[in-house]
Amino acid sequence: MPEVKILEEVCKGCGLCCDNVCPENILILTPDRINSNGYHPAMVTDMKKCTGCGYCFKICPEPAIEIYK
Amino acid sequence: MTKEIIISGFGGQGIVSSGIILAYAGLIEDKHVTFFPSYGAEMRGGTANCSVVVSGEPVASPIVANPDIVVIMNEPSLTRFEPTIKPGGMLLYNKTLIKSQPQRKDIAVVSIEANVIAEELGQARIANMVMLGVMIKKTKLLNLETLKKAQRKRFVKANDEQLALNDKALEKGYGLL
Amino acid sequence: MKMIFGRPLGLTETLQRYCPGCGHGIVHRIIGELLVKLDIRERTIGIAPVGCSVFADEYFNCDMIQPPHGRGPAIATGLKRTRPECIVFSYQGDGDLAAMGTAEIIHAAARSENITVIFINNAIFGMTGGQMAPTTLPGMKSTTSVKGRDIGKQGFPIKVCEMLASLDGPYYLERCAVDTPRNVIRTEKALKTAFANQISNKGFSMVEILSMCPTGWGQTPVQAKKWLGEVMAEYYPLGVFRDLSKEEK
Amino acid sequence: MAEKKLMYGNHAMVEGVIAAGCRFFAGYPITPQNEIPELMSIRMNEIGGVFVQTESEISAINMLFGAAAAGKRAMTSSSSPGISLMQEGISYIAGADIPVLVVNVVRGGPGLGNIAPSQSDYYQATRGGGHGDYFTITLAPNSAQDLYEFPRLAFELAEKYRNPALILADGLLGQMMEPVEFSSKPIDPKSLPEKEWALCGCKGRERRVVRSYDLKAGKLEVLNLRRAEKYAKIINKEQRFKTEYCDDADLVIVAYGTCSRVSDAAVKMARDKGFKVGLLRLITLWPFPMDVLGDMAKKVDNFLVVEMSNGQMIDDVKLATECRSRIYFHGRPGGGVPTPPEIYKRIEEVLGGAR
C-alpha cells in the first residue's frame, strides 16, 4: 500500500499537484493549516486510494512530496 | 659600435626580408640586434620600411629616428628618409627606380642599378640582395659569408636554386664597388 | 517501507527560493535525479545562469560555477576542453541564452561542443521583475510591453530550437514542457538523452523546456500551467528538432 | 647558455606561455597581436593543448574563466578594443579569485583607433578595468626576451594571489624581432600541483562552487575587505622596476614598455652630453612601484614621464612622489612613438644649463 508524505514546511502551496494531476483526485491544499512560510500545504484526503503513480511528485517543484511503498 | 639602419621601399621589394637577414647576420656574429617593421596600410604595393639596429651593446631603442645607414629602394622613400640620416652617415639608393638626385652633401651617397643588375642575374626581386651586398661592403658592418648564412635562416622553405641565386646577388653587390 | 519518490541526492538540502509553482524546481529535481541515476554526480560541473536560477549553484549537489549573464556555453567550453573527463552542463534561462548569450549558444552549438545545455523558456524575465524576454509571445504583456508585445516595434520572439536546428553542429535538440506529469516524464527522458550523449562524446545537446512563471505572468500556478499548455506550447511546438542518433542507425 | 633565436615579440610570447605550462588558449583575431593566435593554433596542436578561435573576445575571456576554474593555466590575448570587450569577464574572474593570464598588445584608441603601438590602456589595466573593487596584476615587458619570460612570472603571481594577471605589451614590442634565449626549463603542466579550489568533480570531497557574487546582507563587503587585504599584500611585496644611472640624477625619466627602451637611448645621449639623467623603468604597473618613486622624490628634483598617450601613468607618478618634485611630461598619443632625440630635447629643455 503506497503512502504519500507531504513535507509541509517545504511545500509552497502552489497547488499544481491538486489540479488534474492525481488520477484518484485525492490531493487538496489544506484549508485550515498554514506553515511557517505562510503557505497552505497540500494534503492527501484519502490515502487508501493512492496508487503510488508518482504524478504528484513529478509536478512538484520543491519537491515537497515523498512516496513510500 | 652601434649602427642604426633603415631600409625602405615599396611592399614586394623584400624590404622586411632584408631587415630580418641583417638582424640574423648580426645575431650570428654575436652582436645585439633589433628589427622593427613598419608597414603602410596595404600589405602589397604600399610603402614598407624597417629599422634594424646592430650593436656591440644591448640595444636601447629599436626606434630609429636618425639612422647611420639608409637603404632606399624607391622614390618616395628617398624623399622621406634622406633628411633623417645622421651627418657623416651613408645613403645607398636604387638608381634604377629613383630618378631624382640626393641633395645632402654631409653624407656618403652610393647609387646602384639594383634592378638592372638583378634582372641580369635573372630575377628582379633579388635587387634587395644586391643592395645588401653593396651595403656590407661599404660599411664593413657584417661579413658576406654571414649574410649567406642569414638568408638561409630567413628563407627556410626556399629551394637550393633560389638560395644560390640570392648568394650570387649578394656576391655581385659585394664585388661592385 | 521504502521511499520510491523523494528528494534526489543530486540536490543539496538547501530549500529553493523560487516562487510557488515555478517550473525551475521541477527541472532541478530531474537533473538532481539524473546526476545520481547516470552515476555522474562526482564528475559533473554545473553552470548556473544569471536570472532567477542564479542560485542554482546552491541547489545542485555537484561542483558549480556562476558565470556572467549569457556566457555559460563559453565557460562550458573552457571547462569541457580542459577536463574532458568531467560532465559539464549549462543551465540557462531565456534572457541568459536567447538575449545576452545568443552568440555564445550559437557558436557552442556550431562547434558541437560536447556539453549539455538546459534551456528554461518561460517567456519572461523573472528575476528582474517580469520584463519582456526574447521569447515573450506576440501580444503577451510584460512590464516593458504593458499593452502586449508589439511585433511592429518589439520584434518577434526567437524560437531557439528551430534556430539551432538550422546549424549542422548540434547532435540533439528537443523542446519539452513541465506543465503536466506526462510532459514532465518526457522532459526526464529528453534530459537523460542529453546527458547520455555527452557521456558517449556525441557533441552538443540542448533541451529547451517550456516552464511556468506564475509571478511574471500575473497568474496563479494552476492558471499558468494551463496557459503554458494552451497558448505557449502552440507558439513553441514540442518535439525533437534534431537527433543524429537516428541517422546513425 | 642556450642558443639565441631571432624572434618576433609575439612569437616569443607564445613560446613563453607554453614554457610556463599553459595548454589553453582562446582568442579572437585583432591586429597587432594576430601572430599570437596564429602560432598558438599550430603549437597547441603540436603539444596536445587546446586552441579555440572564438566568436568574440567576450566568449574568449569566459572560456578562460572556465578553463582556469578547472584549475588549468589558461591565457588569451587581444588588443585594446578586444580587451574592452573582455572587461566584463575579467571583473567576474577577479570576483571569483581565479588566476588567468590576459595579454593586451595595445594599439591606438579610443574606438577602433589605429593599429599603431600605444600605451593608452594604462588606466584600464591598472584600475581594474571593469566594474567593482578589484585590481589586476599588470606586467610591462620591454623586449622580446621579456615577452618570453613574463608569462611564467604572470602565472606564478596570478596563482600565488588567485588574481587575474595582465601583460601590457604594445604593437611595437609584438612586431619587433630580437634575439631570445629560452632561458628556463619548460614547465610540464602535469607537474603543477592541483589547485585546492579547482572544479573537477566532487569525488571524495565536498562540492566546490566558483562564484563572483554574494547577495546575503553584508557578505560581499566582507569578501571585498578580504580582497583589499590581498591587494595590500601584493602592493607590499610585488613592486618591480629597474633603475639606471639614478644615483646622482638631476632628472629621472619614468617609463615602461617601448617608452622605457626609447628613453634608455635618450638617457645615454644625455649622459654623453654631460646631463645627469637616470631612468626608472617600471616592470609592474599594478602594483605601481610607488615606494621607489617616493624615496627618489626626496633627492631628485625633476621627473620626466614618457608615455605613448596623453598622460595616464603621470597621475601615479604624482601620487607616488606626493608632488615633492617637478613632474614633466612627454607624450605621444594615438599611435605616435617617441624617438630618442625628441626625448633628449625634452631633457635639454627641462635641465637647460644644468649640466
Side-chain angles (χ1 to χ4, degrees), chain C residues 9-12 14 17 35 39-50 54-88 90 100-111 113 115 127, chain D residues 22-26 28 44 49-74 76 85-93 95-96 98 100 130-131 189 197-216:
Chain C
L9 265 173
L11 293 180
T12 62
T14 309
R17 274 168 278 183
L35 293 181
D39 195 22
I40 53 173
R41 188 185 73 84
E42 292 184 325
R43 60 177 174 123
T44 292
I45 307 171
I47 301 167
V50 173
V54 66
F55 299 117
D57 63 7
E58 293 181 28
Y59 303 149
F60 291 114
N61 191 12
C62 59
D63 276 8
M64 293 292 296
I65 182 168
Q66 202 289 312
H69 198 37
R71 319 301 179 209
I75 302 246
T77 302
L79 285 166
K80 187 70 185 182
R81 296 270 190 124
T82 47
R83 297 236 182 233
E85 71 280 10
C86 287
I87 300 300
V88 177
S90 177
M100 281 287 275
T102 324
E104 281 77 5
I105 193 66
I106 288 175
H107 286 269
R111 291 190 304 265
E113 293 292 338
I115 57 171
M127 182 176 236
Chain D
C22 173
R23 293 293 180 275
F24 185 93
F25 178 95
Y28 186 88
M44 283 300 182
V50 179
F51 168 87
V52 190
Q53 180 168 326
T54 61
E55 63 273 22
S56 70
E57 287 85 353
I58 297 172
S59 186
I61 191 70
N62 283 289
M63 286 188 194
L64 219 59
F65 190 6
K72 308 293 186 181
R73 289 192 168 178
T76 184
L85 275 175
M86 289 185 188
Q87 290 305 333
E88 174 199 57
I90 296 173
S91 170
Y92 277 69
I93 292 167
I98 297 294
V100 296
H131 62 284
W197 42 262
L199 303 182
C200 50
C202 60
K203 193 176 170 64
R205 59 161 170 80
E206 285 287 294
R207 72 189 197 101
R208 292 172 183 160
V209 178
V210 169
R211 65 158 77 109
S212 64
Y213 78 97
D214 204 315
L215 300 178
K216 286 184 228 56

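Quick note on labels: first sequence line is chain A, next is B, and so on, each numbered from 1.
Side-chain atoms of D/Glu55 and C/Ile106, non-hydrogen and from C-beta on, never get closer than 4.5 Å to each other. The shortest distance between side-chain heavy atoms of C/Asp63 and D/Arg205 falls below 4.5 Å.
With C/Arg83 contributing its side chain and D/Ala70 its backbone, the two residues share a donor-acceptor pair below 3.5 Å. Of the possible donor and acceptor atoms, none in the side chain of D/Tyr213 sits under 3.5 Å from a partner among the backbone N and O of C/Gln66.
Using a 4.5 Å cut-off between heavy atoms, C/Phe55 touches chain D through backbone and side chain atoms alike. When heavy atoms are compared at a cutoff of 4.5 Å, D/Leu215 approaches chain C solely by way of its side chain, counted from C-beta outward. For chain C, no part of D/Arg23 is nearby; none of its heavy atoms comes within less than 4.5 Å. Using a 4.5 Å cut-off between heavy atoms, D/Val50 touches chain C through its side chain atoms alone. Contacts between D/Leu199 and chain C at a heavy-atom distance below 4.5 Å involve backbone atoms as well as side-chain atoms. Neither the backbone nor the side chain of D/Phe25 comes within contact range of chain C; no heavy atoms are under 4.5 Å apart.
Listed by chain and residue number, nothing satisfies the salt bridge (charged side-chain N to carboxylate O under 4.0 Å, His left out) test with D/Glu206 (two or more places apart in sequence, or in another chain). Under the side-chain contact (heavy atoms from CB on, under 4.5 Å) criterion, C/Ala109 pairs with C/Leu164, C/Leu167, C/Pro170, C/Phe204, sequence neighbours left out.
The OG1 atom of C/Thr77 sits 12.5 Å away from the CG atom of D/Leu64 when rounded to the nearest 0.5 Å. Annotation: the span from D/Phe65 atom CZ to C/Ile47 atom CD1 amounts to 10.0 Å, rounded to 0.5 Å. Rounding to the nearest 0.5 Å places CZ of C/Arg71 at 4.5 Å from CD1 of D/Ile58.
Smallest separation of non-hydrogen atoms from C/Glu58 and D/Arg211: CG-NH2, 3.5 Å.
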